[in-house]
2 protein chains.
Amino acid sequence: MPTSHTDPVTLEVVELIGTVVARYHQEYEEAAAAHSLTGAQARVLGLLTLEPTPMRKIAEKLKCEPSNVTGIIDRLESRGLVERRPDPADRRVKLAAPTDEGRDTARRLRDSLHFAREPLGELTGLERTLLRDLLRRMLGEGPAPSAP
Amino acid sequence: MPTSHTDPVTLEVVELIGTVVARYHQEYEEAAAAHSLTGAQARVLGLLTLEPTPMRKIAEKLKCEPSNVTGIIDRLESRGLVERRPDPADRRVKLAAPTDEGRDTARRLRDSLHFAREPLGELTGLERTLLRDLLRRMLGEGPAPSAP
DNA sequence: TATTGTTATACTCTATAACTATA
DNA sequence: TATAGTTATAGAGTATAACAATA
């Protein structure tokens with residue numbers, strides 16, 4: 001039963017994943033910088049394009065303290081990419097939402113993220129399906145290897 | 001020829017890799033914090049355990065400006081985990097090297113990084129070999145699918 | 001002249017604690 | 001009283017520019 005954590009194959013997979021992580025982050029930061037955004041600002045902006053979000057919830061997604069979100073939204077707002085709206089249901093809450101320009105910036109940024117797409121070009125459709133199923137199982141997102 | 005960058009499988013793989021990256025980073029930061037180190041300090045300390053390294057080269061590995069390395073090494077040095085040594089071959093160069101305590105801390109930190117080992121426990125040896133070969137090809141590290 | 005490391009400066013992200021306005 | 005958001009503060013990482021020592 002090959003579940004050892006120190007066999008050569010496992011160690012190499014760990015190292016390869018480390019390489020993937022490093023490349024992913026580097027490209028993400030560069031793509032953000034190309035739009036004059038920091039990584040944190042880019043992440044928040046991307047988050048808000050899904051739906052207007054209370055400050056508190058943004059902090060949870062970012063896994064940081066709520067007080068930090070104030071500054072990040074401040075800077076995005078001062079650039080006209082985000083606005084604060086009142087929540088009709090609870091006057092304590094402020095919803096952060098992207099402006100039209102913010103949505104446009106987020107879209108262009110998303111399109112510029114080539115990583116994990118360029119490299120995947122090396123793999124056939126079958127191999128990508130295989131990779132998807134392996135990653136799914138690894139992440140415990142159900143072993144269901146559905147059809148491509 | 002399935003090399004599209006927008007088919008459902010590719011998009012899901014991209015998303016899964018994003019999840020892997022997020023989990024990896026989170027656990028790395030937590031492991032570093034458990035040893036009272038920042039992520040950057042932990043990365044540098046790990047780097048130095050491979051070999052004593054000139055300040056300039058550390059900056060290249062971290063992909064940051066050399067001026068930043070001064071502060072990171074300062075903080076590691078003030079805690080007794082790292083020391084600066086002269087380079088006999090070039091008196092301009094300072095080599096950063098871990099102390100015994102630094103090496104010990106780096107080892108304990110490395111042992112505490114469970115990610116990409118725990119999740120891999122879900123996969124059989126054959127599946128891990130498969131995953132390794134897919135990641136290798138994706139990263140352009142040679143298509144050689146050597147035996148497990 | 002060019003390179004290595006450092007200093008000085010400014011900005012962003014981070015956590016902590018105290019504050020306000022609502023609930 | 002409890003919660004949402006903010007402010008104030010301090011520490012760390014980052015880039016830029018200028019500097020001393022050495023090559």
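Here is the naming used below: chain letters follow the sequence lines, and residue numbers restart at 1 for every chain.
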Between [N] atom [atom2] and [X] atom [atom1], what is the distance in whole Å?
X: B/M55; N: D/dG13; atom1: CE; atom2: P; result: 13 Å
X: B/E65; N: C/dT6; atom1: CD; atom2: P; result: 15 Å
X: B/R75; N: C/dT14; atom1: CZ; atom2: P; result: 16 Å
X: B/D74; N: D/dG13; atom1: CG; atom2: P; result: 11 Å
X: A/L76; N: C/dT12; atom1: CG; atom2: P; result: 11 Å
X: B/I73; N: C/dT7; atom1: CD1; atom2: C1'; result: 17 Å
X: B/N68; N: C/dA8; atom1: CG; atom2: C1'; result: 13 Å
X: A/I58; N: D/dG5; atom1: CD1; atom2: P; result: 8 Å

Requested in this report: Might you work through the side chain to side chain contact (heavy atoms under 4.5 Å, CB included) test for B/L131 and B/L120, ending with a clear yes or no?
Outcome: CA-CA 10 Å; B/L131 179 59; B/L120 287 177; 3.9 Å; yes

Query - Audit row: B/T49, B/R110, side chain to side chain contact (heavy atoms under 4.5 Å, CB included) steps and yes/no - result: CA-CA 11 Å; B/T49 58; B/R110 198 162 40 237; 3.9 Å; yes

Query raised in the report: Think B/K94 has a side-chain N or O under 4.0 angstrom from the OP1 or OP2 of C/dT6?
Result: yes

**Report entry** side chain to side chain contact (heavy atoms under 4.5 Å, CB included) assessment of A/V20 paired with B/I17
**Finding:** CA-CA 8 Å; A/V20 169; B/I17 289 176; 3.8 Å; yes

Where the side chain of [X] is concerned, which of [options] is the nearest nucleotide?
X: B/I72; options: C/dC13, D/dT7, D/dG13; value: D/dG13
X: B/P66; options: C/dT6, D/dT6, C/dT4; value: C/dT6
X: B/C64; options: D/dA8, D/dT14, C/dT14; value: D/dT14
X: A/R56; options: D/dG13, D/dG5, C/dC13; value: D/dG5

Requested in this report: Using the side chain to side chain contact (heavy atoms under 4.5 Å, CB included) rule, take B/D104 and B/D100 through it: C-alpha gap first, then chi angles, then the decisive distance, then the call.
Outcome: CA-CA 6 Å; B/D104 189 61; B/D100 287 343; over 6 Å; no

Report task. Pull out every residue in residues 28-48 of chain A that has a heavy atom closer than 4.0 Å to any atom of DNA chain D, ordered by number, or say none. Result -> none

Requested in this report: Taking only heavy atoms on the protein side, list every residue of residues 78-88 of chain B lying under 4.0 Å from any atom of DNA chain D, sorted numerically.
Outcome: none

**Report entry** Expected output: side-chain A/R137 to main-chain B/E122 donor-acceptor under 3.5 Å
**Finding:** yes

Requested in this report: Report yes if a donor N or O on one partner sits less than 3.5 Å from an acceptor N or O on the other, where the partners are the side chain of A/S67 and the base of C/dT14; otherwise report no.
Outcome: no

Does [X] share a hydrophobic cluster with [Y], counting links as ILVMFWY side-chain heavy atoms below 4.5 Å and allowing steps through other members?
X: A/V93; Y: A/V82; answer: no
X: B/L95; Y: B/L45; answer: no
X: B/L76; Y: B/Y28; answer: yes

Under 3.5 Å, side-chain donor or acceptor atoms of residues 54-74 of chain A against the rest of the protein: list the pairs with distances, not counting sequence neighbours.
| from | atom 1 | to | atom 2 | distance (Å) |
| --- | --- | --- | --- | --- |
| A/D74 | OD1 | A/R84 | NH1 | 3.0 |
| A/D74 | OD1 | A/R84 | NH2 | 3.0 |

Query raised in the report: Is the number of heavy atoms from other residues, nucleotides or ligands within 6.0 Å of CD (B/E15) greater than 12?
Result: no

In plain terms, say whether [X] and [Y] are close enough for a salt bridge, that is, a side-chain N and a carboxylate O under 4.0 Å apart.
X: B/R79; Y: B/E101; value: no
X: B/E77; Y: B/R75; value: no
X: B/R91; Y: B/D87; value: no

Would you give me the side-chain donor-acceptor pairs under 3.5 Å for residues 32-43 of chain A, sequence neighbours excluded?
| from | atom 1 | to | atom 2 | distance (Å) |
| --- | --- | --- | --- | --- |
| A/H35 | ND1 | A/A31 | O | 3.0 |
| A/T38 | OG1 | A/Q41 | N | 3.2 |
| A/Q41 | OE1 | A/T38 | N | 3.2 |

Protein-nucleotides 20-23 of chain D N/O pairs closer than 3.5 Å?
| from | atom 1 | to | atom 2 | distance (Å) |
| --- | --- | --- | --- | --- |
| D/dA23 | OP1 | B/R91 | N | 3.0 |

Report task. State, to the nearest 10°, the angle formed by the axis through the first five base pairs of the helix from C/dT1-D/dA23 to C/dA23-D/dT1 and the axis through its last five. Result -> 10°

